[in-house]
Amino acid sequence: MSIYKIILASFLICLVIQLSHGATKERLFSDLEKGALEVTAKPSRQGVLDAGIDKLSITWKLSSTAKKQANFTTIKVKLCYAPVSQVDRPWRKTENELFKDKTCPHKIITRAYNKSSQSFKYTLERDIPTGTYFVRAYAVDAKDHEVAFGQSTNEAKTTNVFSVQAISGRHKSLDIASICFSVFSVLALLVFFVNEKRKAKLEQSK
Amino acid sequence: MAQNNEDEGSIGTSMHGVTAREQVFSFSVQGEEDGPSSRTVRFDDPTAKFALPVDSEHRATAFKPFSFARPHMRAFHLGWISFFTCFISTFAAAPLVPIIRDNLDLTKSDIGNAGVASVSGAIFSRLAMGAVCDLLGARYGTAFLLMLSAPTVFSMSFVSDAGGYLSVRFMIGFCLATFVSCQYWTSVMFNGKIIGLVNGCAGGWGDMGGGVTQLLMPMVFHVIKLTGATPFMAWRIAFFVPGFLQVIMGILVLTLGQDLPDGNLSTLQKRGEVSKDKFTKVFWYAVLNYRTYVLFLLYGFSMGIEMTINNVISEYFFDRFQLELHTAGMIAASFGMANFFARPLGGYASDISARFFGMRGRLWTLWILQTSGGIFCVWLGRATSLPIAILAMMLFSVGVQAACGAIFGIVPFVSRRSLGIISGLTGAGGNFGSGLTQLIFFSSSRFHTADGLSLMGIMGMIFTLLVAFIHFPQWGSMFFGPTSDEKKSKEEHYYAAEWTEEEKRQGLHEGSLKFAENSRSERGRKAASDRSSPSMPPEGGNPAHV
């Protein structure tokens, strides 16, 4: 019976820990001030951008309608998925709870808040997947909690989105190595097989 | 997972020595023919040059896991490590899916379908593997699988879209048939008294590969990234590791291994004869026995669920709890690694319950283990905090893996003649169950993965109720005792029913009768003393346990 008591006790302890954590995790995206920053993201060229090569010119400044700017300490600029890239991909889902939200996983730059207009030239990293994106800048307070944001697209995330094509990850040297080892594997097997058959035949004929 | 498939037969059916009770004529020593062939060899026998004690067929009667002595322990280690390596390769993609899905722009359906494909190939390769081992011997059977599927592992470097990913995972999955060659090899090397433990260890330790890969691949990936490769190239390079392991194991098997205790198949092929059976007959009796289908489904919801979890659990922990890739891998690994003790434990529990309650005890043990596995699976899906999820997962792993061991505590008694095919079909059921559960619960956006887990647990519990339908006239079932019919309640009647009168006249059913006599231990303690029969001392219960 004691093992059951231990299991029950650990379950209760975990439950208590979880409940105590609950309070801090309820920060919601809908509570953030919308459009506090004006963000633009201009691709370096037309068409589908190549990861690792093409750049984005990103600018952000305080919007005239902003109210909470007294709390802003840092600005976190991130690359976010447009809705079309979230279809049938639950690991990119938009959730209201900030800690669960997976819309903007790729960090671009983090800078201290400055009233004047800021800009940054961002080269798309080589681990950015293929997809359609926009840029969002979160204004974060001293406790590292988001208080406001601005994004380069409209609320429905349909305008001003740009497409990125990821690197393939393939390389000729890999392909060649792969073929070499495969051939070796098959050949080694055949060599052993033929050899042994030959030895068996020799023994039989003796 | 499939055991030595196929049984005595023309190609594909020889069950050479699987239960260790039949007379194997090619090795009859000094004309001893009476009684089971499990006797220690005489010390003046000039062929007794083995490191372990052997019986009259030169099969080891002791199991020393720390020894590498040839040929027995060496065969055991080469067998289970080959199987372990193939498990690593088959599930190598799973912990890297968070990277692969970004590189290849996969959707949830793509990932799910590839997971289904990775376990489907083995349904067919396992059924064919028995034939291959009969033709070529266990050594070449294993080596063929390892070295011909190594190119498929290497070909991950060519994959650029969902279709390629699915095809490669499908092709890699064929190598899971090493389970059959491993079990075949141990069955010709080890005596029936200990084959249960040997097969349980080989099966469980091989299955561990599914856990080790969750740890190994993220680590390898991380190290390769440190040398400067981008993530999208690093995961491809990481696949070379399981590929190398397969090639190395293949060469080791060919150079260090030996098909049979006395030598290799090709040099022994002309000597003596093994009693052969007809494949069609053996297949027919397997198909007629309804218990085959019940076991097929039951294994589908123990081993099947285990393989499904191997494919989805790392990604689940990564996404749900926002963990690092290698942290998620570590947690996922502990699921598969529990196999080290959980599966042999299940077999052991089955054997213990049989000692007291006979076959009915085995059935109840199976039901309890598999149902508790299902309950903890439901709990895992419901858990929203990491510690509870891990606790639920560990309990779930023990339940479901022990159930795998317990099922193969029952399989050897379902049929004597068709044991190989039934073992093979049961094993194939595992892959079928895995494909089915992945298809229903984890391939579309219909369910959140967490809900999918809970629903899978519930489905498993429902199917586990089928255990109640396994009824043996001589031993009973979960809710009913043995039949009161005088004739039908004898083990001999059940096992002899698989032979026609003509065959009985030729004496072909002798092996079955011997087996029936030894299986009286499945009556349990109380029942055995109630029914007055001059039973032989029970043979430690379990002939070909896995």
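Chain letters run A, B, ... following the sequence lines, proteins first, then strands; residues in each count from 1.
Looking at B/Phe144, both its backbone and its side chain come within 4.5 Å of chain A, counting heavy atoms on both sides. Heavy atoms of A/Lys172 lying under 4.5 Å from chain B are absent altogether. In this structure, chain A has a heavy atom under 4.5 Å from the side chain of B/Ile111, while its backbone stays farther away. At a 4.5 Å heavy-atom cutoff, the contact between B/Gln322 and chain A is made by side-chain atoms alone. In this structure, chain A has heavy atoms under 4.5 Å from both the backbone and the side chain of B/Phe158. For a residue to count as touching a neighbouring chain, one of its non-hydrogen atoms must lie under 4.5 Å from one of that chain's; by this rule B/Val153 does not touch chain A. A/Phe193 touches chain B through backbone and side chain together, each having a heavy atom under 4.5 Å away. For A/Thr130, the parts lying near chain B are the backbone and the side chain together; criterion is any non-hydrogen pair under 4.5 Å. Looking at A/Ala51, there are no atoms closer than 4.5 Å to chain B (heavy atoms on both sides), in backbone or side chain.
Among A/Trp60, A/Phe72, A/Tyr138, the single residue meeting the ring-ring contact (aromatic ring centres under 6.0 Å, His included) criterion with A/Tyr113 is A/Phe72.
Atom NZ of A/Lys102 has more than 12 heavy atoms from other residues, nucleotides or ligands within 6.0 Å. Counting non-hydrogen atoms of neighbouring residues, nucleotides and ligands closer than 6.0 angstrom, the CZ atom of A/Arg126 reaches no more than 12 such neighbours. More than 12 non-hydrogen atoms from other residues, nucleotides or ligands lie less than 6.0 angstrom from CD of A/Glu95.
A/Asn96 and A/Ser30 are linked by a side-chain donor-acceptor pair at a separation below 3.5 angstrom, with hydrogens and angles left out of the test. A side-chain donor from one of B/Asp110 and B/Thr107 sits under 3.5 Å from a side-chain acceptor of the other.
Highest contact tally toward chain A, considering only B/Pro231, B/Ser109, B/Ala143, B/Ala150, is held by B/Ser109 [criterion: heavy-atom pairs under 4.5 Å]. The most heavy-atom pairs under 4.5 Å with chain B, out of A/Ser85, A/Gly131, A/Ser178, come from A/Ser178. Of the listed residues (A/Ile179, A/Asp127, A/Asp175, A/Val87), the one with the most heavy-atom contacts under 4.5 Å to chain B is A/Asp175. Considering only heavy-atom pairs separated by less than 4.5 Å from chain A, the leading option among B/Thr230, B/Thr152, B/Thr449 is B/Thr230.
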Trace of the disulfide (SG to SG under 2.5 Å) decision for B/Cys175 with B/Cys86
CA-CA 6 Å; B/Cys175 71; B/Cys86 288; 3.6 Å; no
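Using a 30° and 60° split on the angle between ring planes, B/Trp235 and B/Phe239 fall in the perpendicular class, above 60°.
Residues meeting the side chain to side chain donor-acceptor pair (under 3.5 Å) test with A/Thr110, sequence neighbours left out: none.
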